[in-house]
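Heads up: the structure comes next, in structure tokens.
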Amino acid sequence: MKTLLELTQVGIEFKTPKGSFKALENVNLKVADGEFVSLIGHSGCGKSTVLNIVAGLLQATTGGVLLSGREVTEPGPERAVVFQNHSLLPWLSAYENVEIAVKEVFRGKKSRAEMKEWIEHNLELVHMSHALHRLPHEISGGMKQRVGIARALAMEPQVLLMDEPFGALDALTRAHLQDSLMEIQKTLKNTVIMITHDVDEAVLLSDRIVMMTNGPAATIGEILEIDLPRPRNRLELADDAHYNHWRHEVLAFLYEKQRKVEDFAQHAKKKNDTKTEKTPRMKVVS
Amino acid sequence: MAVSIPSIKIAGLPATSVGALAEKILRVVGLPLAGIAMFLLIWHVGANNIETSLGKFPGPAQVLTQTQGLIVEFQEEKQREADFYARQEQRNAAMLEKDPDYKPLIRPYPGKPMFFHQIFTSLKTVFSGFFLAALVAIPLGIAIGLSGALYNAVNPIIQLFKPVSPLAWLPLVTIVVSSIYVNVHPEIPKSYVTSAFTVMLCCLWPTVLNTAVGVASVSSDLNNVSKVLRLNWIRHVRIIVLPAAVPMIFTGLRLSLSTAWMVLIAAEMLSQNPGLGKFVWDEFQNGSSDSLGRIMVAVLTIGLIGYLLDRGMLMLQRKVSWDKQAITR
Ligand SMILES: Nc1ncnc2c1ncn2[C@@H]1O[C@H](COP(=O)(O)OP(=O)(O)O)[C@@H](O)[C@H]1O
Ligand SMILES: [Mg+2]
């Protein structure tokens, strides 16, 4: 398949008060057109940093990103981002939140009526037609995330970037959204890079799982080709030997090869802290 | 950041709707009434024990009398004004009968402004100053909220001028207004311009600072949305920054309006703008036995209007603000 997105020798150093911090090094990845890739790795390893470099929100210090052969230097709607905490404009309704994106991207290309139809179409894709005119604080977390996805889809991006899109949701809501996403993928065949820390989610949704090593100077450890046939059904897969094999591979990478040693140290330290301080300190509400 | 204040629970009341209603009535009506009664009692007793050169300090009863007096005075004055114009009309009509070429002449009523006119003047002045301030403060706040460099450049100046009392500005403003505003329009007297500008100088800062904070604290997620959409500078401000900052802008405006009202009274006293401040000053100079009572009426009026202005702003804020949590009492 044709390569759409290419990361070559990507590395980044952050300037911090304590000196410079090399978060990523030698990240190389090719993503084919229409492919669904998930990024998995321990928290703090640099997944968001990779995604933000692709989005253009961060600039790599070494290497670079090519999209359809053109270098990425700044953010743009052809690389739409779905952020972890929805990032809807709280003063705008679901419809209006999608509308601002559509107005920007299709100004002069679509008529007013076509825009309206396009906005409604995208909200329908994520099953939000019943709540077009609700404000973000009037809808549930899952619904907000749906609107966030509709907003990104409405930009007709070449690549859809998702940073732990379902991370803040409960398991049931997450499952619903994963199903919706698979359904949308079936028709739109978008190229997607999704960050997740959920092993099942990664195996269920992905064509490939990119597993990252721990930072600092994190890079890509292994890549798994998930050759499970589509459409995938979570119930049938639960007992599928093949599915469980891939699940096991990811778990083995995360908890054997890239075990977070410091995590255990920190955990032990926290335990000691709670021993000396039995009653939790009052939370200051401000 | 709003702190939710728990409602007072009265122990022992059954959780029935009748009990809850009774509790609510007690809390909303009963307690404030009790508070006011207590205050009136303390005021009455206290006033009786304060002897001044103009007699006893006015208690609630005297203030009530003086209020009625002011209303009667106002009505009489209105009557006199009406009579004055009626007499002119009559005379003009008579002159016209004698001489058809006579040009009718209406002279304005020369009476002195009454208490209720003064309230109106004060309101006009305070809103002029407040609107001028908002006109300057909101754009300035947005600019320094957007630019860290500009904030660092301007902040020391803001901090320097913020605590300056209106009494310090007034002489400067008076002199500047006298030298710049030469062709005095009869409807816009110098004293009014001076008061309004002094009010503006003093009530700029809460709006500037709150707007800046509101703009600077737009979440980085929303800024990223703006970047992904490649919004240009103007659209970024209009679509993201301004609406995001609206709750803070209104918090600032509300603080500014109450500052403006406080400052106004002082400014009017000294600039002789015919408002409530001048009323207080004139009564003070007057020194009659009624003066203290009338000043007390003015004090209560000032308080009441200040309260109503604040409530009005609060209602406006509730209406326009998307972040209902940001609104405190
Ligand atoms: N702007 C920044 N400045 C300094 N350090 C950063 C910055 N952004 C991320 N980092 C560091 O880079 C590492 C990777 O962060 P991130 O990509 O957010 O991790 P992940 O998304 O995998 O949890 C972390 O150690 C984080 O502290
Ligand atoms: Mg992250």
Side-chain angles (χ1 to χ4, degrees), chain A residues 48 51-52 54-59 72-93 96-107 135-138 144-145 147-148 151-152 154-165 168 283-286, chain B residues 1-7 138 142 145-146 148-149 210-211 213-253 316-329:
Chain A
S48 297
L51 201 82
N52 286 336
V54 176
L57 293 166
L58 285 175
Q59 300 301 319
V72 166
T73 50
E74 54 163 5
E78 74 282 358
R79 282 160 285 123
V81 186
V82 176
F83 298 93
Q84 177 168 8
N85 32 13
H86 69 80
S87 63
L88 299 179
L89 307 188
W91 55 91
L92 295 183
S93 68
E96 291 164 329
N97 263 288
V98 180
E99 186 181 32
I100 58 158
V102 170
K103 272 190 174 163
E104 280 308 309
V105 177
F106 296 101
R107 188 197 317 243
L135 291 173
H137 74 88
E138 296 168 336
K144 280 183 241 190
Q145 213 47 270
V147 178
R151 180 174 65 187
M155 299 178 204
E156 264 188 345
Q158 287 182 274
V159 193
L160 184 60
L161 305 172
M162 306 207 268
D163 191 346
E164 301 193 19
K283 252 199 183 161
V284 180
V285 185
S286 62
Chain B
M1 309 301 106
V3 181
S4 74
I5 295 166
S7 57
I138 294 175
I142 290 173
L146 283 174
N210 279 280
T211 304
V213 169
V215 167
S217 55
V218 173
S219 84
S220 63
D221 270 354
L222 296 191
N223 280 324
N224 283 340
V225 169
S226 166
K227 283 184 197 155
V228 168
L229 288 173
R230 292 217 186 104
L231 297 183
N232 63 31
W233 186 85
I234 295 171
R235 294 175 66 76
H236 172 66
V237 170
R238 192 169 63 76
I239 296 177
I240 310 271
V241 171
L242 255 184
V246 155
M248 283 301 276
I249 292 176
F250 270 84
T251 303
L253 285 175
L316 192 64
Q317 190 182 8
R318 287 228 173 95
K319 225 175 152 55
V320 300
S321 181
W322 51 269
D323 187 3
K324 309 293 174 201
Q325 306 248 297
I327 299 166
T328 50
R329 294 188 260 184

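Note that the structure is predicted; figures quoted are calculated from it, not measured. The sequence lines fix the lettering, A, B, ..., with proteins before strands; numbering per chain opens at 1.
Exactly one of B:Leu231, B:Asn232, B:Val228 qualifies for a side-chain contact (heavy atoms from CB on, under 4.5 Å) with A:Glu104. That residue is B:Leu231.
In this structure, CZ on B:Arg235 lies 8.0 Å from NZ on A:Lys103, to the nearest 0.5 angstrom. Here A:Ile100 contributes atom CD1 and B:Leu229 contributes atom CG; the two are 5.5 Å apart, rounded to the nearest 0.5 Å. Summarising the geometry, atom CH2 belonging to A:Trp91 is positioned 6.0 Å from atom CD1 belonging to B:Ile240; distances are rounded to the nearest 0.5 Å. In this structure, OG on A:Ser87 lies 6.5 Å from CG on B:Leu222, to the nearest 0.5 angstrom.
Proximity to chain B (any heavy atom under 4.5 Å) is shown, for A:Ala101, by both the backbone and the side chain. Using a 4.5 Å cut-off between heavy atoms, A:Asn52 does not touch chain B at all. Neither the backbone nor the side chain of A:Gln84 has a heavy atom closer than 4.5 Å to any heavy atom of chain B.
In this structure, B:Trp322 and A:Leu135 have side chains that are not in contact, with every pair of non-hydrogen atoms separated by 4.5 Å or more. At least one side-chain heavy atom of A:Arg151 sits under 4.5 Å from a side-chain heavy atom of B:Val225.
The heavy-atom pair separating A:Pro75 from B:Lys227 by the smallest distance is CB-O, 3.5 Å.
Between chain B and the options A:His137, A:Glu78, A:Glu74, A:Arg79, heavy-atom pairs under 4.5 Å are most frequent for A:Glu74.
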